[in-house]
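The next block holds one structure in the form of structure tokens; read it before the comments.
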Amino acid sequence: MNPKLKTLEVSYVSVVLLRSMLSLIFIVASISHFINTEKTINRIKNVRMGFLGELLGTPKTAVILSGVVMLIAGIALLIGFKTRLAALVLIAVLIPITLTVQVGQVESMGPLFKNIALLGGLLFFSLNSTLNYKQ
């Protein structure tokens, strides 16, 4: 560890709560991708940056693939398994979703900033791979 870096002790419970609460939105969203696939596809088709949803193939492929990834990484984050990797994977999924669906949509400023806050939480776990817990 670099001696010039400042360290901070955090409560173990606070980290577990943050990790759990953060993971749930991805797990719920992934289930929505499976149950409401057509609705999600239509959202992609009706936004200005919707063409980004076709970079991996059809919008249906993007919706299903992102749902699978969010479910697996969301569960990993929830249970604390490979937390840093799970957070990085969720960042990699969240950025294109945010660019596709929220950027450029005046009516979605709330969801845009929700995603920015989610990115902040994910960055916390991706940047802090070893946390000193105070129990």
Q: Drop me the distance from Leu24's CG to Leu77's CG, to the nearest 0.5 angstrom.
A: 9.0 Å
(Q) Does any part of the side chain of Leu94, heavy atoms only, come nearer than 4.5 Å to the side chain of Phe26, both counted from C-beta? (A) yes
Q.
Less than 4.5 Å apart, side chain to side chain, heavy atoms only: is that true for Ile95 and Leu119?
A. yes
Q) Nearest 0.5 Å, what's the CG-CZ distance between Leu22 and Phe125? A) 6.5 Å
Q: May I ask you to decide if Leu17's main-chain N or O and Ser20's side chain share a donor-acceptor pair within less than 3.5 Å?
A: no
Q.
Just verifying a value: how many Å separate Leu88 CG and Thr83 OG1, rounded to the nearest 0.5 Å?
A. 11.0 Å
Q. Does one hydrophobic cluster hold both Val68 and Val93, with members joined at side-chain heavy-atom distances below 4.5 Å?
A. no
Q: With rounding to the nearest 0.5 Å, note down the distance linking CG in Leu112 to NZ in Lys114.
A: 9.5 Å
**Q.** Least distance between heavy atoms, Ile91 atom then Pro96 atom
**A.** O-CD, 4.5 Å
Q) Among Val89, Ile97, Leu65, which one satisfies side-chain contact (heavy atoms from CB on, under 4.5 Å) with Met70? A) Ile97
Q.
Counting C-beta onward and ignoring hydrogens, is there a side-chain heavy-atom pair between Arg19 and Val16 closer than 4.5 Å?
A. yes
Q.
Show the nearest heavy-atom pair for residues Arg84 and Ser126, with the distance to one decimal.
A. NE-O, 2.7 Å
Q: Tell me whether Leu18 is reachable from Leu85 by hopping between hydrophobic residues (I, L, V, M, F, W, Y) whose side-chain heavy atoms are closer than 4.5 Å.
A: yes
Q | Spatial distance of atom CG (Leu122) from atom OG (Ser23) [nearest 0.5 Å] | A | 10.0 Å
Q.
Applying a strict under-4.5 Å side-chain criterion to I, L, V, M, F, W and Y, I'd like to know whether Leu78 and Ile72 cluster together.
A. yes
Q | Ile35-Ile25 co-clustered via ILVMFWY side chain contacts under 4.5 Å | A | no
(Q) If you define the side chain from C-beta out and look only at heavy atoms, does anything of Leu71 sit under 4.5 Å from Phe34? (A) yes
Q) What heavy-atom pair brings Phe81 and Ala86 nearest, and what distance separates the two atoms? A) O-CB, 4.4 Å
Q. Is there a chain of hydrophobic side chains (I, L, V, M, F, W, Y, each step under 4.5 Å between heavy atoms) that links Ile31 to Ile75?
A. yes
